[in-house]
Amino acid sequence: MMDRRSPGHLRLAAFTLPLIALLAAACFPEHPQSTFDAQGPVAQKQLDLFMIIFWAAVFVFVVVQGALLYTVLRFRRRQQQDSLPPQWHGNPRLEVAWTIAPAIVLAVIAVPTITTIWDTATVPPGESLEVNVTAHQWWWEFQYPGLGVVTANELHVPVGRTVKVSLESRDVIHSFWVPKLTGKTDLIPRNTNVIWFRADQAGTYYGQCAEFCGIAHAQMRFRVIADAPEAFDAWVALQGERPPAPAGPAAQGFRVFVQKGCTVCHTFGGSEGEGVQQGRMDGFLKGQAQYPAPNLSHFASRETFAAGLLTRTDENLRRWLLDPRAVKPGNRMAQLAEAYTNAEKALSEDDISALVTYLQSLK
Amino acid sequence: MATVTGALPRVLRRPTSYTGWWSWVTTVDHKRIGVLYGFTAFAFLLVGGIEALTIRTQLAGSESALVSPELYNQLFTMHALTMIFLAVMPLSAAFFNLIIPLQIGARDVAFPRLNALSYWIFLFGGLLLNAGWLVGNSPDAGWFAYANLTSKTFSPERGLDFYALGLLVLGTSSMAAAFNFVVTILNMRAPGMTLMRMPVFTWMTLVTSFLLITAFPVITVGLIELAFDRLFGTNFFVTAKGANPLLWQHLFWVFGHPEVYILILPAMGIVSEVLPTFARKPLFGYPFVVLSGVSIGFMGWAVWSHHMFTVGLGPVANATFALTTMVIAVPTGVKIFNWIATLWGGSLSLKTPLLFALGFIVLFIIGGLSGVSHSSPPADSQQQDTYYIVAHLHYVLFGGSIFGLFAGIYYWFPKFSGRLLHEGLGKLNFWLMFIGMNLTFGPMHWLGLDGMPRRIYSYPAGMGWDFWNLMSTAGSYMLGIGFLAFAWNFVSSLRKGEKATSDPWDGRTLEWSIASPPPIYNFATIPTVHGRDAFWAQKYLETPGHQPRGVPSGGADGDGDGAHGQGAGHLGVHMPGLSYFPIIVALGLALAAVGLLTHVAVIALGVLIMLFGIYGWTFEPAEPDE
């Protein structure tokens, strides 16, 4: 019955395949959220711990499945056999032994688990960059309290510097996750969590909301962009400046922006004052057509928009402004903004062109 | 007494026919109720399966637009709710009903009408939970329904009302059934069947019933608070009014983790019956297996926060729950070692029931090992809410629970149908499901560690997830075909399968000592039990060298049905009579719940019907008038 095509071989294959895939991840860059490609100390410690558990599990898997397979093959009933086997009821000494054995394997896992829990929970001493992250349905707000910078969906950090992150939410529960830099921690209304991470290589790291948060949960993505220290300082300086007043065709776009009520939810020309976003949230809870929305002051300094969904090209912007619901179902702008709920206030082709020009001028 | 029942309307005069459609509506026979549970659960299993296949089809490639996110969120929520509450739990309940009285040598459960009530409430609760499909708004916040996404502000549609009320109704059913089985198992065992002589399946049913009794009140509190928030404007989970949404998570997982064991322990019990029978050897280390089952039940209460390692409970809480979670792997490991030792030295008959039981062990080991990897909070922080968890939970609940339940179906089918399921189709069924299962859920381990979150309706190209998602979808279709093979086997074997004797597997427990299918009264004479494996002991003498020898007569009762071919009346056996009242009470309860969603008059009507049912039930004698 159980011949060479036995399930054991299949299972062995099923288990080695991830290993091959693991190698593939190391060789090919097209796994932007692979947890095997740690690029900072927090993710590295989490990965190291996982690998200890993984090999312990492989050991147990081989021993136990091997024992099971061997037992089944050896004791399967032969055709001619009709005598009954001896009726053993147990062997307490043996059973005590295999109660203790898994406990020993677990101890091997428990010790590094405990040390890693405290290692990753404790912010390393020394200078760090502080960032406040606020998650919204369905985008990310990043504030740099010491630097007076507010931005959305793209978190710039300097390479090699500890980033201390304070996590908050004003609506529902979300989860902050950048697989190559740090495992996830939830953002929970009325509960602030503080975590840290560090990027050891310059580059763009993908992040994504990991706690189900409603219709557009799948599209609540973000990027962490680790810059060389000088590039980071330049970015901070740019973000701190007031963008130039819109001129030429952009000025027309600015007029549309104001007339269509975009400013109810979007701040432009600097960072929000204290409590502005909270005020928008309070208004929403009272039934008003508003919701905290990304600060657009330096919109054109970002590579993507709509929570990491689209590259910031004129064409994509046009698509987004024309029908945000089609791009990102459930989003609050399509649901609340008069430009999309009131046919009389709908954006014309010219309005959209002007808005694209204006937004793309916000360097 | 007679005057009171005489006052009831004549239309509800006690039914007397044991055949026909109405006899199923009014039945209180544990075997028929078990059959009702089984067929209803299988129907819901198909619904949940179609939901799963839709999900897999959507995820077969990146940027898929087969279903909208709104629909997708309802599909994954309803898939989980259906499989947990409407398929696996009631399939287990079907086995409790079919097997427990037979295994303990009883004629029925302790409270036969309460048993019927449990079934009807389950049916109506299941329909209520699914009623959202009719109005286009099913629950869409996950089976865990984390606050405060479930508040009116963020989920203004009706879906979560169906969630709260449907689960509250279903909880009533589970509680009633659990009390019934605790009382039945503790009080109705045949003379001589001490607790430590009970079959392991009976033991696991007892543990599961206690878990139901203790776990469901916790979720009931949460669900009532949620329903009040949504229907009457209270603020238990409204953060803007000062609520802490973590309250729900604690309530949910204090229930939710024991619930995991509610789903797996019955399957473990079934496997512990199938292995000894097909190895022709007693279960190795019975006391260890029983006590590890009991300790899993207890320890299941001390691990709930491992579902919450990412909420920021702090290093001390995370470390504590990591350790308690790791400890629970010890009794689980003990069970697996004892199962392998049961096979060791046996004479293994590789029939379909044993194949499914072996499949259970193989897949449960994988699910257990991946479970250990997220008992470690730092490692879990990369795994939580990814497809790695989806892989883990399906290895445990599909590879575990479903394979165990299928072992039970193939094992006990002949007892209740009098026919055997077809072996060839059974093997086809097994291999399709075994390979399909590994192809569906195996790649999800990799996808999760490659950073694919769960509960996303779509993913972009260029993430490296396309290939394994496609494989997983192919595997899910194979699983679908496996279920069709099973359905075909079931239907065709029921009609023209090979006739089964009363004891086709050389069984060890009392259910094999009576006819297949059993007479309505089960045992003409209540057997006396002298040890574990009571029926085996009637068939074989054990010699000092552990070598069994057949009893010359071949069993206590030559024809094996224990009844000597006589009818219940001749034996002076008193069986509970048929009754309309369980379904009336259940209908009233369900109607009252519907009323909460529609109109207060419907609530009043439901309550009236329920009160009428309880009144009639109270004054209805347990046994029919002669």
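We name chains A, B, ... by the order of the sequence lines, and we start the count at 1 in each one. Quick caveat, the model's predicted, so the values are computed rather than measured.
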What part of A:Tyr70 gets closer than 4.5 Å to chain B, counting heavy atoms only: side chain, backbone, both or neither?
-> side chain

Shortest non-hydrogen contact between B:Ala279 and B:Thr342, atoms and distance | CB-O, 3.9 Å

Main-chain N/O of A:Glu168 paired to A:Thr192 side chain as donor or acceptor, under 3.5 Å = no

Part of A:Asp48 lying under 4.5 Å from any heavy atom of chain B = neither

Sort B:Gln74 into side chain, backbone, both or neither according to what part of it lies under 4.5 angstrom from a heavy atom of chain A.
-> neither

Per-residue tally against chain B (heavy atom, under 4.5 Å) across A:Ala56, A:Ser175, A:Ala210 peaks at A:Ala210

Relative to chain B, which segment of A:Met281 carries a heavy atom at a distance below 4.5 Å: side chain, backbone, both, or neither?
-> side chain

Leading residue by heavy atom contact count with chain A [cutoff under 4.5 Å; candidates B:Ala319, B:Gly333, B:Gly314, B:Ala322] | B:Ala319

Turns out that what part of B:Arg532 lies under 4.5 Å from chain A's heavy atoms comes down to neither

Please state whether the side chain, the backbone, both or neither of B:Ile336 comes within less than 4.5 Å of a heavy atom of chain A.
-> side chain

Inspect the surroundings of NZ in B:Lys351 and state if more than 12 heavy atoms from other residues, nucleotides or ligands are less than 6.0 Å away.
-> no

Checking A:Gln219 against chain B: side chain, backbone, both or neither under 4.5 Å from a heavy atom?
-> side chain

Which answer fits B:Phe237, side chain, backbone, both or neither, if we ask what part of it has an atom under 4.5 Å from a heavy atom of chain A?
-> neither

Tell me, side chain or backbone of B:Ser458 under 4.5 Å from chain A's heavy atoms, or both, or neither?
-> backbone

Short question: side chain of B:Gln249, backbone of B:Met308 - any donor-acceptor pair under 3.5 Å?
-> no

Chain B contact via A:Trp98 - which portion, at a heavy-atom distance below 4.5 Å | both

Counting N and O atoms only, with roles assigned by atom type, does the side chain of A:Asn191 sit under 3.5 Å from a partner on the main chain of A:Pro189, one being a donor and the other an acceptor?
-> yes

Considering only heavy atoms, which portion of A:Ile188 lies under 4.5 Å from any heavy atom of chain B: side chain, backbone, both, or neither?
-> side chain

For B:Phe278, is it the side chain, the backbone, both or neither that has a heavy atom under 4.5 Å from a heavy atom of chain A?
-> backbone

Contact origin within B:Phe467 toward chain A - heavy atom pairs under 4.5 Å | neither

A:Tyr205 vs A:Thr182, side chain to side chain contact (heavy atoms under 4.5 Å, CB included): CA-CA, chis, key distance, verdict | CA-CA 11 Å; A:Tyr205 301 101; A:Thr182 174; over 6 Å; no

Would you mind checking which part of B:Leu449 comes under 4.5 Å of any heavy atom in chain A, side chain (CB onward), backbone (N, CA, C, O), both or neither?
-> both

Proximal component of A:Ala121, with respect to chain B [non-hydrogen, under 4.5 Å] | side chain

If one checks every heavy atom of A:Ile114 against chain B at 4.5 Å, the contacting part turns out to be side chain

Measure B:Pro443 against the heavy atoms of chain A and call it side chain, backbone, both or neither at under 4.5 Å.
-> neither

Side chain, backbone, both or neither of B:Ser68 within contact of chain A (heavy atoms, under 4.5 Å) = neither

Run the side chain to side chain contact (heavy atoms under 4.5 Å, CB included) check on A:Phe50 and B:Ser373 step by step: do they pass?
-> CA-CA 7 Å; A:Phe50 174 74; B:Ser373 77; 4.2 Å; yes

Per-residue contact mode, A:Leu309 against chain B (heavy atom under 4.5 angstrom) = neither

Look at the side chain of B:Gln58 and the backbone N and O of B:Tyr457, then say whether any donor-acceptor pair between them is shorter than 3.5 Å.
-> yes

B:Tyr459 side chain to B:Leu59 backbone, donor-acceptor under 3.5 Å = yes

Chain A contact via B:Asp140 - side chain, backbone, both or neither, heavy atoms under 4.5 Å = backbone

Take B:Tyr146 and B:Trp248 through the test ring pair (Phe, Tyr, Trp, His ring centres under 6.0 Å) and record every step on the way to the result.
-> CA-CA 7 Å; B:Tyr146 272 5; B:Trp248 170 269; 8.2 Å; no

Contacting moiety of A:Asp171, where chain B heavy atoms sit under 4.5 Å = both

Above 12 or not: heavy atoms from other molecules or residues under 6.0 Å from CZ of A:Phe284?
-> yes

For side chain to side chain contact (heavy atoms under 4.5 Å, CB included), just list the numbers for B:Thr386 and A:Gln208, CA-CA rounded to whole Å, side-chain angles, deciding distance to a tenth of an Å, and then say yes or no.
-> CA-CA 11 Å; B:Thr386 69; A:Gln208 183 157 11; over 6 Å; no

With chain B, which of A:Ala43, A:Pro179, A:Gly330, A:Pro92 has the greatest number of heavy-atom pairs at distances under 4.5 Å?
-> A:Pro179

Validate the cation-pi geometry between B:Arg455 and A:Phe212: distance from NZ or CZ to the six-membered ring centre under 6.0 Å, angle to the ring axis within 45°.
-> no

Which of the residues B:Ser375, B:Gly142, B:Ala141 is involved in the greatest number of heavy-atom pairs with chain A at under 4.5 angstrom?
-> B:Ala141

Closest non-hydrogen atoms of A:Arg190 and B:Ala240, given as atom of the first, atom of the second and distance, are NH2-O, 4.0 Å

Looking only at atom types and distance, does a side-chain atom of B:Asp450 sit under 3.5 Å from a main-chain N or O of B:Trp446, one as donor and one as acceptor?
-> no

Atom group of B:Trp465 that falls short of 4.5 Å from chain A, counting heavy atoms = side chain

Region of A:Ala107 in contact with chain B, defined by heavy-atom distances below 4.5 Å | neither

Nearest non-hydrogen partners of B:Gly464 and A:His31, listed with the distance = O-CE1, 3.7 Å

Please flag which part of B:Leu354 lies under 4.5 Å from any non-hydrogen atom of chain A: side chain, backbone, both or neither.
-> neither

Verdict with supporting geometry, B:Arg454 and B:Phe76, side chain to side chain contact (heavy atoms under 4.5 Å, CB included) = CA-CA 10 Å; B:Arg454 57 195 293 208; B:Phe76 80 69; over 6 Å; no

Interface moiety of B:Phe337 toward chain A, non-hydrogen atoms closer than 4.5 Å = both

Would you mind checking which part of A:Glu95 comes under 4.5 Å of any heavy atom in chain B, side chain (CB onward), backbone (N, CA, C, O), both or neither?
-> both

Looking only at heavy atoms, what is the nearest atom pair of B:Gln382 and A:Gln46, with distance?
-> NE2-OE1, 3.4 Å

Please flag which part of A:Val42 lies under 4.5 Å from any non-hydrogen atom of chain B: side chain, backbone, both or neither.
-> neither

